Amino acid sequence: MASHDVVEIVDRYDSACIPRNMSKDKVAYIQNAAVDKTCFRTLKVLKNMDQPIYVYYQLDNFYQNHRRYVKSRNDAQLRSADEASETSGCDPEKTTADGAPIVPCGLIAWSLFNDTYSFKRGNENVTVNKKGISWKSDRDHKFGKDVYPKNFQNGALIGGATLLNKSLSEQEDLIVWMRTAALPTFRKLYGKIEVDLKANDTITVTLENNYNTYSFNGKKKLVLSTTSWLGGKNDFLGIAYLTVGGLCFFLATAFTVVYLVKPR
Amino acid sequence: MAPTRRLRERLRWSKLYSFSCVRPSIPSDNEDPYPLPAPGCSRIVYCNQPRVHRKKPLKYPTNYISTTRYNIITFLPKAIFEQFRRVANLYFLLAALLSLTPVTPFSAVSMIAPLAFVVGLSMAKEALEDWRRFMQDMEVNSRKVSIHKGEGRFGYKHWQKIRVGDVVKVEKDQFFPADLLLLSSSYEDGICYVETMNLDGETNLKVKRSLEVTLPLDDDEAFKDFRAFIRCEDPNPSLYTFVGNFEYEQQVYPLDPSQILLRDSKLRNTSYVYGVVIFTGHDSKVMQNATKSPSKRSRIEKKMDKIIYILFTLLVLISLISSIGFAVKIKYGMPKWWYLQPQNTTNLYDPSRPSLAGIFHLITALILYGYLIPISLYVSIEVVKVLQAMFINQDLHMYDEETEIPAQARTSNLNEELGQVDTILSDKTGTLTCNQMDFLKCSIAGVSYGVGSSEVEVAAAKQMASEASNAPGQLSSSQDFWEDSGGGFGSSEIELESGITCTVEKPQKPRIKGFSFEDDRLMHGNWTKEPNAGTILLFFRILALCHTAIPELNEETGGFTYEAESPDEGAFLVAAREFGFEFCKRTQSSVFVRERYSSSENPVEREFKILNLLEFNSKRKRMSVVVRDESGQINLLCKGADSIIFERLSKNGRMYENDTSKHLNEYGEAGLRTLALAYRVLEESEYSAWNTEFVKAKTTIGPDREAQLERVADMIERDLFLVGATAVEDKLQKGVPQCIDKLAQAGLKIWVLTGDKMETAINIGFACSLLRQGMKQICVSIMNSDLGMQDAKMAAKENILMQITNATQMVKLEKDPHAAFALIIDGKTLSYALEDDMKNQFLSLAVDCASVICCRVSPKQKALVTRLVKEGTGKTTLAIGDGANDVGMIQEADIGVGISGVEGMQAVMASDFSIAQFRFLERLLVVHGHWCYKRIAQMICYFFYKNIAFGLTLFYFEAYTGFSGQSVYDDWYMLLFNVILTSLPVISLGVFEQDVSSEVCLQFPALYQQGPKNLFFDWYRIFGWMGNGLYSSLIIFFLNINIFYDQAFRAGGQTADMAAVGTTMFTCIIWAVNIQIALTMSHFTWIQHLFVWGSIATWYAFLVAYGMSSPLISGNAYQILLEALGPAPMYWAVTLLVTASCNIPYLAHISFQRTSNPLDHHVIQEIKYYKKDLEDQRMWKRERSKARQETKIGFTARVDAKIRQLRGKLQKKSSTFSIQVAS
């Protein structure tokens, strides 16, 4: 099965990346801007991983599919610079305190994931390609090339990441993030490693543990995975296929036997 | 024309008729002798001054009638109100309104659009149906009648223009346009004949007579200055009463019902009448009688409502679950979900007030899970039913070529009910019979003449013949004898069971209406060579003389036609004419008959003086004339019911009694109407003595006049000499016995409710094989007792109760499984039996009997019996009738069928279906009913299945979104789901599905029982389908969720977002439900293929188109199929997997059912599929006879009984034979 060829490394780091002394109050730690959030993880490659190796972050218990959350965006605003003031539906992240429209508005953008990862194999830097991680159609048609962030993360409440002053169509992290996940546990593509990793390689990950999942006891995981023609590692699909196929075969045989033994 | 008219005008019938037409002389010296009761008698009519009635207060409604439900102004509000009386529609309306508030989980348009579509479609249908009603009204309103326009001129005007006070002239065979006061007629004494079939279903003509004072008004000119004044009762529905005064030339005369001509009755045997309009339009008695036809709903639809309630309960339940879940999440989870900014919320998500948020969410959830309730169900059903109704209307097998009337489904919401009928209540006249009599046989002087066979005999003989040839010595029978012969009997030799070969020839010469007698011994004057020529001569004379008919010369052919009060009489006269005794003229006192003893001779015209006429009535059951022939001899000629005649025979008049009564029995068994004929020679002195007494009785005034007359008549009708008997075939409509036979095989019970007398009803019972010899007849009736009113009633009741209990006992104790009982009950008895304390016993007895015949029942009783059956047994009833007297029954029954053949539209107007002939009922029920039942049942089940399968996935998803009310699907998907993506296949299922073809349906009437047994819509099956829906929803949701849980689904490594998951899941649903319906269908045409596969294709096409639209519209679904899902193998793999696993259980279930426990139609389908019916005729026939319902009525049963009888005899014979051999 294709699924068996897929190699996947999963590393949960949310609790491990908290300094011992602060593990009592994780929320205080994460909300304390003064504390250095850098964290180092070591990953062991068990099997050869051919490039492209996809880097995902996985969040848990995060209701990206909550109705309040899903609705809180405005596609028109994202698409064209002329519609910057179009913020309907973006409650409660519509405008700044003085009424200037936020671009991109809404809760989704506001809560953009902001942990960062960088990888080293031994001492050699492994670059993560963050281009092309989003849907092409999103880049080309849904997020305008002439739309630049405005008043973003300027309010009293700071949600997630801030955006660079680039056009939105180039901010692929945002584009990926704004494809809201269907389930409260989800993975999102962070980038691609375009070198092969060999078995027994040791990867050192330097990560900035910025994103607050501690408030809601959400886990954070870093995932490296290859894909097959069918997609990611998906044993369930295979099992399901075998079961259904087996059942069909069994029924077919049973009815054939019945037909042969007792024809009408 | 002129001579006959003059002749007619000279006739004063009142002289001739002894019972009805003697006018008591009216004392008219008093100024106002007839005070009317003040209240309820306020109507004032100025005759011949319609202008007066244009203004208030004498302005009465016009003669315009309208039976429509809406008009242009009221249509919109009323129809909308009707629509939202349906609980589901109301729910969707509320949901649509709420979708305008922020509570909604969907966009407003996705709620409003389908609702508007659905309601709009239903309303369009309403409008169409009402339009048809309107057109029908217009047809009636624009009929024309001749009306007095002033100055003695008459001209034609539309019915709707008629006003109160108008003088109208109605001509022969026209309907009366309004309730009229009869002023004068073409007869000198102001008599006219009226056929009231449309009002009360009685076929005999009624005599109406005008007031003496208005007799001179018999000319157009006479109305020039006619002025009169009528004061009468207010409009009311009572057909048989009328009170009023007629003021004419300063005199006041009382009016009674016999001067009133009611709308929708018809003028017969009278050239014209003049009348003045009293009640118009909706004031007329017949319109007052019209009740709003109750809106009927089918059983399936009622059950469907229950299912909808169940689903509503489920909906509320899961909404409560999710709103509680939501409240809990809001309270405990939300404060921690910083990314939702819990501190900046509205009421909807306020964590500090979770209960309020929960209540808001309940509304959201109710809307969200609304997909459990199929919004398009009602409209789909309506569309399907309209199309089904079109099939019924277009069915050429139910098209009557003679009258060019097709079957018509007048309301389309009872189609499936046709498949569940348990009891048929049928009218007789005009429904089973054509009300046309054929002289077929006679028995004269103990010799039976006439070789023709009645339809019943022919049909039974055919069946016998096919039994004998197909399966010698085998009881199981096949009956394909009429299927291939196309219903026409004859041309083939028929072997009767006794071995006699009788040839039924197709009549070569043009058939004479009312005469199918064939026997050369009597025809062409050959009777003179018979041994009893004298008696035969008498017999013919009685036929030609003993009647009240009037001859009418047909100028084209030179022959005579006869206008008789009853069709029997007409048949006798035609017969007499054919035998050479042509009744050609009637004068006041004489009847002229052209007698021709042999075909070569010239006819001799003889005059017979009619001295007295003692007419027929139902109590006397006989009629006599006293005639003096040319030789001066006085004879009393009498015809009547055999029982009555036989008890009046003289000692030496009984010569032929034994033979005749044997023949009478045979005729009766053959379904013929019989009358015995007798005569008596009167001495001159004897006659004159009697006559003085008769005249005395005739001139008596007072209540006992009738009794007196009867007594005197009885005196003379004694010591008769039996001549013979006649057998008239009350012509059954074409194919009635066969149809009844098939319906009986289909397991239907048939009750005949008729206004006719018991003998006639029993004859018809035999003719239709509802009765047969050897069947135990239970006659429940009461003797006339003249005790005090109260006592008589009590006694009668007790008597009836006893009869009923006895009969019930008898039925219970009967051991023979083949014994059949027939219950025959008359109207009077029925009135007691229908009382509350007795009706249950009566019903239980009636249900145990194979056939039930109720005679002499009033229209009201018909309705009551129908209600008793409907409510007492709880089964579906179907009432079929043709006259206005059947309207009550038609409206009361679950399904009313009107016969739209001959005349009168009342029954048809009140009916749900109309057919031209009774025999089409077979096809209507066994084919269309069966199909429609299955179609609708399967369709509804499937609807619930698909909506549960879809709706529940929304609920499961909620659990993953913190019950926030987010749906995984795009709004547009959901909008299209019910309206476009899954509606057409199910509609095609509802319209085109046939489990077996129509021919097979007709060959296996037993298949029909699947409907009354409700095999396809019982709770087991409904819950089975619901379970299937539940299973599918679980499979669809959890397989998808597990597969798309966290892994990349496409080559770029991207993981699935909500749009991708939702779209994939939706694709799975579309495939699963469409494959499911493809598995459900057993009959495929290109239309089904187009719809099923087209629906799936439409989904993909929509997805592509939607993906190509502006991202502002499509949102996250932008380019979803072309860019993301299409190229991903995972998407297709999941679709295949989920679709397969959704349908495996159903497939396994039906396979299992077919192998181990097949239903009837499964077996037939397989036989048909393997073409076994062509290869293996024997098996086919075996299956068919097996599939026949155990039946006790119909001639199949009759033949079976006969065969059993013969076999019994054979066994006896062979046993005696073997004994002989042994000895």
Side-chain angles (χ1 to χ4, degrees), chain A residues 52 54 56 58 62-63 65-70 75-76 79 92-93 107 110-111 132-138 141-142 157 159-160 176 179-189 192 212 215-217 225 227 229-234 236-237 240-241 244 247-248 251 255 258-259 262 264, chain B residues 105 333 336-341 344-346 348-349 364 957 960-962 964-966 968 1039 1041-1062 1111-1112 1115-1116 1118-1119 1123-1124 1128-1130 1133-1134 1137 1140-1141 1144 1147-1148 1151-1152 1155-1156 1163 1166:
Chain A
Y54 296 101
Y56 300 96
Q58 176 171 345
F62 187 101
Y63 286 93
N65 56 11
H66 198 281
R67 187 151 70 100
R68 179 172 163 85
Y69 190 79
V70 172
D75 283 341
R79 193 159 169 248
E93 271 296 308
L107 286 175
W110 175 74
S111 59
I133 55 172
S134 61
W135 294 27
K136 188 169 178 301
S137 61
D138 283 359
H141 302 285
K142 290 184 73 178
L157 281 168
V176 169
R179 280 217 165 255
T180 47
L183 297 171
T185 300
F186 58 88
R187 279 182 194 177
K188 283 189 182 292
L189 194 55
K192 289 179 276 188
N212 177 12
S215 301
F216 48 88
N217 296 320
S225 173
T227 59
W229 59 274
L230 203 55
K233 194 173 181 64
N234 210 330
F236 183 82
L237 184 66
Y241 252 101
V244 173
L247 196 63
C248 286
L251 286 171
F255 282 113
V258 169
Y259 181 76
K262 214 179 72 180
R264 184 115 343 104
Chain B
K336 300 176 192 156
W337 300 338
W338 58 266
Y339 49 90
L340 295 180
Q341 295 199 354
N344 287 337
T345 58
T346 54
L348 289 181
Y349 301 101
T364 312
F957 186 70
Y960 286 89
T961 66
S964 65
Q966 179 60 41
V968 69
L1039 283 185
I1041 286 299
N1042 274 309
I1043 289 164
F1044 286 100
Y1045 163 63
D1046 56 3
Q1047 288 294 341
F1049 74 100
R1050 50 185 288 217
Q1054 288 97 338
T1055 50
D1057 69 326
M1058 203 146 82
V1061 173
L1112 291 183
N1116 278 345
Y1118 183 67
Q1119 293 290 356
E1123 184 189 347
M1130 180 92 125
V1134 168
L1137 174 76
S1141 31
I1144 281 179
L1147 195 62
S1151 312
F1152 179 74
T1155 36
S1156 65
V1163 177
E1166 273 175 40

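Letters go in sequence order (proteins before strands), and every chain restarts at 1. All values derive from a computational prediction rather than experimental measurement.
- Residue A/Arg187 comes nearest to B/Gln1047 through the heavy atom pair NH1-NE2, 3.1 Å, listed as atom of the first residue, atom of the second, then distance.
- In terms of heavy-atom proximity, A/Val70 sits nearest to B/Met1058 at CG2-CE, 3.8 Å.
- When every heavy atom of B/Leu340 is checked against every heavy atom of A/Arg68, the shortest pair comes out as O-NE, 2.8 Å.
- For the set A/Thr227, A/Asn217, A/Leu247, A/Leu183, the entry with the most heavy-atom pairs within less than 4.5 Å of chain B is A/Leu183.
- Between B/Phe1152 and A/Phe255 there is a side-chain heavy-atom pair separated by less than 4.5 Å.
- Ranking A/Phe62, A/Tyr56, A/Phe186 against chain B, the residue ahead of the rest is A/Phe62, based on heavy-atom pairs under 4.5 Å.
- Although no hydrogens or angles enter the test, the distance criterion places a donor-acceptor pair under 3.5 Å between the side chain of A/Asn65 and the main chain of B/Tyr960.
- Both the backbone and the side chain of A/Trp135 have a heavy atom closer than 4.5 Å to some heavy atom of chain B.
- No part of B/Ala1128 comes within reach of chain A, as not one of its non-hydrogen atoms sits under 4.5 angstrom from that chain.
- Neither the backbone nor the side chain of B/Leu1147 comes within contact range of chain A, judged by heavy atoms closer than 4.5 Å.
- Put simply, the side chain of A/Lys142 reaches to within 4.5 Å of the side chain of B/Asn1116, judged on heavy atoms.
- Per-residue heavy-atom pair counts under 4.5 Å with chain A were compared for B/Val968, B/Ile1041, B/Val1134, and the maximum is reached by B/Ile1041.
- In terms of heavy atoms, A/His66 sits closest to B/Thr961 at CD2-O, 3.7 Å.
- Most heavy-atom pairs under 4.5 Å with chain B: of the set A/Pro184, A/Gly132, A/Ala76, this distinction falls to A/Pro184.
- Ranked by heavy-atom pairs shorter than 4.5 Å toward chain B, the options A/His141, A/Lys192, A/Lys188 are led by A/His141.
- Across B/Tyr339, B/Trp337, B/Trp338, a single residue satisfies ring-ring contact (aromatic ring centres under 6.0 Å, His included) together with A/Tyr69, and that is B/Tyr339.
- Contact annotation for B/Glu1123: only side-chain heavy atoms (C-beta onward) come within less than 4.5 Å of a heavy atom of chain A.
- Considering only heavy-atom pairs separated by less than 4.5 Å from chain B, the leading option among A/Ser137, A/Ser134, A/Pro52, A/Ala240 is A/Ser137.
- With a threshold of 4.5 angstrom between heavy atoms, A/Phe216 approaches chain B through its backbone and through its side chain.
- Side-chain atoms of B/Thr364 and A/Arg67, non-hydrogen and from C-beta on, do get closer than 4.5 Å to each other.
- For chain A, the option among B/Ala1124, B/Ala1133, B/Ala1148, B/Ala1140 with the highest count of heavy-atom pairs below 4.5 Å is B/Ala1133.
- In terms of heavy-atom pairs under 4.5 angstrom with chain B, the leader among A/Leu189, A/Val244, A/Asp75, A/Leu107 is A/Leu107.
- Looking at A/Leu251, only its side chain comes within 4.5 Å of chain B, counting heavy atoms on both sides.
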